[in-house]
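As the structure lists them, so they are numbered: ligands from 1, and atoms in each ligand from 1.
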Amino acid sequence: MRAIRRFTVRTVLPPELASLSELVLNLRWSWHPETLDLFAEVDPATWERVGQDPVAMLGAVEAGRLRELAADRRFLRRLADAADDLREYMTAPRWYQTISDAPKGIAYFSPEYGIASALPQYSGGLGILAGDHLKAASDLGVPILAVGLLYRHGYFTQSLSPEGWQLEHYPSLDPGGLPLSLLKGEDGEPVRVTIGLPEQRALHAQVWVAQVGRVPLLLLDSDVSENDVAARDVTDRLYGGGTDHRLMQELLLGVGGVRAIRAYCEVSGHAAPEVFHTNEGHAGFLGLERIRELTEARLSFDEALEAVRAGTVFTTHTPVPAGIDRFPAEMIGRQFGGDNAWPTVPVDRILALGAEDEPGKFNMAAMGMRLAQRVNGVSELHGAVSREMFQGLWPGFDIDEIPIGSITNGVHAPTWVGREIMELAGRELPTLVERAQGWESVNKISDADVWSIRGRLRKRLVEAARLRLRQSWINRGASPPELNWIDDALDPDVLTIGFARRVPSYKRLTLMLADADRLRSLLLDPDKPIQIVIAGKAHPADEGGKKLIQQIVKFADSEDVRHRIIFLPDYDMALGQLLVQGCDVWLNNPLRPLEACGTSGMKAALNGGLNLSIRDGWWDEWYDGTNGWSIPTADGVTDPDRRDELEATALYDLIEHEVADRFYDRTDGLPRRWLEMVRHTLTTLGPKVLAGRMLRDYVVDLYAPAARSARVLSSDTYEQAKSFASWKLRVGRAWPGVRVEHVEASGLGDTPELGASLELKATIALGELEPGDVRVQAAYGRVGLHDDLVTPTYSDLAVEADGDDGRAVFSGVVPLDRTGSFGYTVRVVPNHPLVASASELGLIAVPEEPAGMTNGTLR
Ligand SMILES: *Cc1c(COP(=O)(O)O)cnc(C)c1O
């Protein structure tokens with residue numbers, strides 16, 4: 001018989017142990033080993049049995065044991081210390097409290113969060129990044145208030161069929177069995193968030209609060225009795241269901257998320273966020289909800305749009321057009337129009353925000369960029385790829401001026417760095433991992449110590465991998481006597497390569513199989529063998545990905561290599577930690593440039609692992625020739641099979657001639673040259689790959705400027721928003737009348753020389769505009785083959801004369817500051833103190849014919 005409903009009955013703790021539940025309910029334990037030690041001490045056997053999940057342990061521990069602990073003075077002292085430490089952590093001033101004028105609150109929206117294995121609300125990098133973002137924010141005291149959804153079945157857990165086919169299981173999660181508390185209003189009743197749907201339906205949700213250190217994470221949950229069956233299932237699983245289901249989830253996340261924040265701030269007294277950050281397009285509807293709030297407070301749509309844009313940050317994560325989140329426009333029209341329309345927000349304005357090249361489509365990334373004044377990609381290369389991909393939204397502007405910047409991702413060291421490494425430097429490293437300075441102290445640790453820690457981490461991986469491998473074979477139907485070989489699977493002294501990631505085709509899980517015989521001989525090399533540990537989940541709807549997994553599993557099943565290459569099912573945070581800590585080499589071979597950033601290699605680097613990777617994402621930026629290896633890419637080769645073959649061959653060559661050589665080259669039993677690379681990796685990459693560095697970048701480059709803009713626009717009851725919006729409308733209408741009529745250059749002579757300068761005078765037709773509404777700029781620098789200016793420099797020209805005829809003359813001086821081909825032109829862009837970039841309005845005027853002289857050669 002199946003239960004119709006399940007729930008978890010929580011233990012009633014003796015009063016002496018009350019602070020234990022405080023510790024359990026704050027997820028800081030997921031990156032605080034001392035707290036985990038304390039939990040283990042409650043009941044060591046139960047702790048291991050429940051997979052080190054503190055909530056599960058409190059549910060499972062015998063009442064007698066709790067009574068015993070309540071009388072154990074030593075335990076109570078430790079408990080009091082831990083509770084004090086947490087309170088201190090929650091309130092002490094941190095880095096953020098030292099910067100002035102910072103936003104009082106930042107709302108962070110993401111469809112998934114990877115905080116701990118015990119809260120399986122993530123599928124891959126996007127969620128893990130969001131989790132690391134919150135943890136680093138907590139450590140630095142950044143006042144983030146995060147929003148997501150609570151998926152009743154989370155993401156699937158993975159096992160294998162006897163044939164090596166991925167099987168998916170959706171565990172039923174009971175919020176009562178998770179480290180969450182229900183958000184209640186002042187009346188003591190659970191808070192309800194409600195969103196109107198077409199045809200008089202409604203979607204209701206309750207709100208769970210997960211406390212991630214100092215950061216509250218609000219998770220909306222539609223499994224409530226007021227909902228009809230379809231509405232209850234909205235938050236059933238992560239990335240499951242069709243388009244309709246996805247729209248419901250995104251409405252709940254974006255619109256519902258803002259409402260949850262308002263309710264939370266009201267009951268908790270938390271400061272209202274000044275900045276809203278949307279991690280990928282899925283939460284983009286939050287901007288519409290904020291426009292609704294402001295229009296109901298009597299701003300016009302355009303005024304509200306400006307006020308909202310100023311305080312919104314949008315981070316894009318996909319470099320593939322096919323990966324962008326889109327809906328049929330009519331679906332959006334139905335949701336936000338007809339009898340479900342918001343009276344103050346016209347549906348056609350909403351549709352225009354998501355418009356893209358293909359008519360009838362509503363593009364969440366396009367809306368994200370129109371609703372956010374500040375947009376970024378997640379590595380330098382990804383920023384460049386995004387500028388190209390979204391160039392069409394800013395017609396007329398060069399790629400370099402597309403207003404999409406980048407902040408390279410980072411990882412949260414206390415979550416990912418092995419305890420042995422933390423302890424290696426005694427007291428030094430635990431504080432080090434949070435800081436950008438002091439990493440040179442790694443050099444004080446002896447080679448022998450570094451090598452012995454690496455050996456311990458590798459051994460731990462080998463032992464845990466054997467247990468997991470055995471379990472996987474048993475699940476696949478093998479009987480224990482057939483599995484004796486597993487006792488010797490993997491070798492704690494062999495060079496260990498890790499490959500773990502989701503399995504979309506661009507990540508090329510099976511590239512290593514391109515020449516199976518070559519791989520086999522690397523694995524079985526008598527002197528310099530390698531071993532490979534692989535993990536990864538394919539999206540449930542991705543048959544192609546499942547085929548790739550099957551190919552790898554079949555190869556790893558072969559009797560001759562099965563002790564040297566293994567696939568471990570169910571890649572999650574716990575397995576990820578084991579792998580990034582235990583592997584000597586972290587392999588990544590995506591199809592460049594499709595990996596936006598990639599973060600698992602950063603985790604490996606922090607543990608003294610070396611990266612062996614295609615130069616994509618973060619590795620393109622920070623590979624320096626000696627901190628790992630770059631697999632040459634065959635970027636220009638268009639035949640995909642040929643490209644795979646070339647890159648695979650390069651990979652085998654690197655492993656054989658560089659990686660394995662170095663690993664097995666020993667002096668006094670130590671691989672000195674290898675350890676040199678490990679040290680170099682830790683000292684140079686260590687400080688860069690930290691989530692703390694990433695957070696500081698977000699605060700300084702995006703959150704603080706966004707808050708400043710938002711404050712200006714909202715001051716004097718939105719007076720500035722009103723005038724900025726009306727200025728934009730006026731400039732937009734008048735722009736067709738703006739022309740560069742004439743450009744004159746003087747001072748050049750016959751043979752231009754370096755150091756000379758050029759005087760420019762430009763006559764500009766302004767139509768209805770004033771000279772102050774525009775910026776007239778000289779653009780100059782190197783010219784390419786087709787007279788195109790290559791990454792030009794811009795300098796403003798000043799108004800020289802303002803005629804009555806709608807024309808004005810602007811002038812200025814251009815230095816001839818480089819030899820070789822040199823060119824210049826003039827352009828006009830809108831000018832207002834509140835625009836964040838020249839391209840923001842997408843308006844530009846350039847000479848119809850190339851200006852006076854476009855190209856001279858300097859000597
Ligand atoms: C770090 C991590 C990821 C993301 O890694 P990529 O290198 O971006 O693929 C995905 N899943 C888990 C479990 C992780 O720990």
The closest protein heavy-atom partner of atom 4 (C) of ligand 1 is G125 CA, 3.5 Å
Counting each atom of ligand 1 from 1 as listed, which ones have a heavy atom of W416 under 4.0 Å away? 15 (O)
Taking the ring centre of each residue, are H169 and F156 less than 6.0 Å apart? no
Regarding R470 and the six-membered ring of W473, is the cationic atom NZ or CZ under 6.0 Å from the ring centre and inside 45° of its axis? no
Atoms of ligand 1 close to G598 [distance to a heavy atom under 4.0 angstrom, numbered from 1]: 7 (O), 8 (O)
Any L513 side-chain heavy atom under 4.5 Å of I552 side chain: yes
Ligand 1 versus W586, non-hydrogen atoms closer than 4.0 Å: side chain, backbone, both, neither? neither
As an exercise, identify every atom of ligand 1 less than 4.0 angstrom from a heavy atom of R501. 7 (O), 9 (O)
To which of T415, D570, D572, L129 does the heavy atom nearest atom 13 (C) of ligand 1 belong? D572
H32 ring center within less than 6.0 Å of Y89 ring center: no
Report the nearest protein non-hydrogen atom to atom 11 (N) of ligand 1: residue, atom name, distance rounded to 0.1 Å. Y571 CE2, 3.4 Å
Between the side chains of T415 and K135, is a donor N or O closer than 3.5 angstrom to an acceptor N or O? yes
State whether the shortest distance between N or O atoms of S600 and N or O atoms of ligand 1 falls below 3.5 angstrom. yes
Minimum heavy-atom separation for V659 to W674, with atom names? O-CZ3, 3.5 Å
Using a 4.0 Å heavy-atom cut-off, say whether K603 meets ligand 1 through its side chain, its backbone, both or neither. side chain
Can you list the steps and then say if Y239 with H539 is a ring pair (Phe, Tyr, Trp, His ring centres under 6.0 Å)? CA-CA 9 Å; Y239 305 139; H539 186 278; 7.1 Å; no
Who's the nearest protein heavy-atom neighbour of atom 8 (O) of ligand 1, and how far? T599 N, 3.2 Å
Here's one to test your reading of the geometry: is the NZ or CZ of R237 within 45 degrees of the ring axis of Y170 and under 6.0 Å from its centre? yes
Mind checking whether K507 contacts ligand 1 via backbone (N, CA, C, O), side chain (CB onward), both or neither, at a 4.0 Å heavy-atom cut-off? side chain
